[in-house]
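Following: one structure in structure tokens, then a few remarks.
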Number of protein chains: 2
Amino acid sequence: MSNQDLALTEGTWQPACCSPLVREPLSAELSAELSRLFKAMGDPVRLRLLSLIASHAGGEACVCDLTGVFDLTGPTISHHLKVLREAGLISGERRGTWVYYRVEPDALRRLSDVLVPDQAPAVGA
Amino acid sequence: MSNQDLALTEGTWQPACCSPLVREPLSAELSAELSRLFKAMGDPVRLRLLSLIASHAGGEACVCDLTGVFDLTGPTISHHLKVLREAGLISGERRGTWVYYRVEPDALRRLSDVLVPDQAPAVGA
DNA sequence: CCCTTGTTTCGATGGTTGTCGATACAGACG
DNA sequence: CGTCTGTATCGACAACCATCGAAACAAGGG
């Protein structure tokens with residue numbers, strides 16, 4: 001018993017558990033804000049770009065690292081990066097010849113905070 | 001020390017940490033699959049519908065509970081429910097006069113599994 | 001200075017999507 | 001059986017979007 005009570009019969013609905021999205025209805029405003037993030041990730045190329053950038057060494061990736069991965073032209077990749085940037089999911093910086101992109105951790109956290117079943121935010125807090 | 005080592009300086013990039021999306025590049029196939037889910041949630045109405053259904057008493061909601069929330073016609077709500085259904089995020093069942101929708105927990109879990117920083121799956125396991 | 005390479009912007013185009021009204025289907029109830 | 005209510009489908013239309021080629025901008029190197 002004890003801690004196993006928290007698990008219960010997982011998969012079925014329970015009150016006062018689960019992620020915020022399941023616990024109570026999202027307001028129109030929050031839905032609008034979050035859906036902008038989801039929409040930006042709702043394209044296979046963009047989701048993969050995001051993952052490529054996030055997982056790249058140093059936490060950042062040059063555009064030149066990304067274009068070769070897809071069968072798409074430069075302008076198209078640049079367009080998708082712009083969409084991700086305007087959604088606040090990534091940010092770009094030019095250093096010399098190349099432009100480097102990195103993910104914005106806060107944006108990803110806003111999503112996981114909504115989806116994740118009662119995440120423990122930190123160890124002490 | 002001990003547990004605080006797991007927290008580190010949160011927000012900055014580190015190797016071998018973070019969510020799957022950050023830990024390694026998503027494959028083209030997985031990106032395509034997940035982006036379908038993100039895309040379905042990439043509309044403010046649909047995201048709110050999903051949350052309304054998930055948080056409704058009993059874990060299910062009748063369409064009649066949903067239409068009044070929005071300034072949209074019945075066909076439009078029905079269309080959005082169909083998109084959510086075809087994405088595998090919800091399932092619907094007719095019982096008598098009304099049609100009841102409920103969320104598919106597995107679909108939500110697939111998303112949180114990708115976004116969540118190393119979720120502990122259960123207490124003992 | 002021009003040329004070369006990396007990246008973005010522009011304009012166009014074909015495809016997708018959100019929304020509606022009209023209509024059809026499904027049950028319940030006389 | 002007719003009718004009423006709830007829900008889904010259909011057809012249409014405007015808006016949006018992914019993609020491309022062409023052109024522009026940025027920076028470095030002859």
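Just so it is clear: chains get the letters A, B, ... in the order the sequence lines come, proteins before strands, and each one is counted from 1. As a basis for the values below, the full set of heavy atoms in this structure was taken, side chains included, without hydrogen atoms, waters or symmetry mates.
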TODO: List the atom of Leu26(A), the atom of Ser51(B), and the distance in Å for their closest heavy-atom pair.
DONE: N-OG, 2.8 Å
Task: Where at least one partner belongs to residues 83-97 of chain B, residue pairs that pass salt bridge (charged side-chain N to carboxylate O under 4.0 Å, His left out), sequence neighbours excluded - done: Glu60(B)-Arg95(B), Glu93(B)-Arg95(B)
Open item on the list: I'd like to check the side-chain hydrogen bond (donor to acceptor under 3.5 Å, both in side chains) partners of His80(B); sequence neighbours left out, ordered by chain and number.
Closed with: Arg46(B)
TODO: Check the distance between dT8(C)'s P and Trp98(A)'s CH2 and give it to me in whole angstrom.
DONE: 14 Å
Donor-acceptor pairs are to be reported for all side-chain atoms of residues 29-37 of chain B against protein atoms at under 3.5 Å, with residues two or more places apart or in another chain.
{"from": "Glu29(B)", "atom 1": "OE1", "to": "Ser27(B)", "atom 2": "OG", "distance (Å)": "3.4"}
{"from": "Ser31(B)", "atom 1": "OG", "to": "Ser27(B)", "atom 2": "O", "distance (Å)": "2.8"}
{"from": "Glu33(B)", "atom 1": "OE2", "to": "Arg110(B)", "atom 2": "NH1", "distance (Å)": "3.4"}
{"from": "Ser35(B)", "atom 1": "OG", "to": "Ser31(B)", "atom 2": "O", "distance (Å)": "2.9"}
{"from": "Ser35(B)", "atom 1": "OG", "to": "Ala32(B)", "atom 2": "O", "distance (Å)": "2.9"}

- [ ] Return yes if some donor-acceptor pair links the side-chain N/O of Ser55(A) with the main-chain N/O of Arg23(B) below 3.5 Å, else return no.
- [x] no
Open item on the list: With the threshold set at under 4.0 Å for non-hydrogen atoms, list the residues of residues 86-93 of chain A touching DNA chain D in residue-number order.
Closed with: none
Open item on the list: Reading DNA chain D in the 5' to 3' direction, which nucleotide is the first one with an atom under 4.0 Å from a heavy atom of chain B, and which is the last?
Closed with: dG6(D) to dT9(D)
Task: Leu47(A)-Leu52(A) co-clustered via ILVMFWY side chain contacts under 4.5 Å - done: yes
TODO: Give, ordered by number, those residues of residues 25-42 of chain A having at least one heavy-atom distance below 4.0 Å to an atom of DNA chain D; if nothing qualifies, reply none.
DONE: Lys39(A)
TODO: Apply side-chain hydrogen bond (donor to acceptor under 3.5 Å, both in side chains) to Thr97(A) and list each qualifying residue two or more places apart in sequence or on a separate chain.
DONE: none
Task: Phe70(A) CZ - dT7(C) C1' separation (whole Å) - done: 16 Å
Open item on the list: List the residues meeting side-chain hydrogen bond (donor to acceptor under 3.5 Å, both in side chains) with Thr76(A), not counting sequence neighbours, and say none if there are none.
Closed with: Thr73(A)
Task: Under 4.5 Å side-chain linkage, directly or through intermediates, the cluster mates of Trp98(A) - done: Tyr100(A)
Open item on the list: Applying ring pair (Phe, Tyr, Trp, His ring centres under 6.0 Å), can you list everything that pairs with Phe38(A), at least two apart in sequence or on another chain?
Closed with: Phe38(B)
- [ ] Would you mind reading off the distance between Leu49(B) atom CG and dG18(C) atom C1', rounded to a whole angstrom?
- [x] 13 Å
Open item on the list: In whole Å, I'd like the distance from the NZ atom of Lys82(B) to the P atom of dT19(C).
Closed with: 16 Å
Open item on the list: Could you work out, with side-chain hydrogen bond (donor to acceptor under 3.5 Å, both in side chains) as the rule, every residue matching Glu24(A), not counting sequence neighbours?
Closed with: none
Task: Summary of protein contacts for nucleotides 20-30 of chain C, nucleotide by nucleotide, where a base hit scores B, a sugar-phosphate-only hit scores S (4.0 Å, heavy atoms) - done: BBB---SSS--
- [ ] Could you tell me whether the side chain of Val116(B) reaches within less than 4.5 Å of the side chain of Leu115(A), counting heavy atoms only?
- [x] no
Task: Sugar-phosphate, base or nothing in reach of Tyr101(B), heavy atoms under 4.0 Å - done: sugar-phosphate
TODO: Please report the closest heavy-atom contact between Leu84(B) and Leu50(B), naming both atoms and the distance.
DONE: CD1-N, 4.3 Å
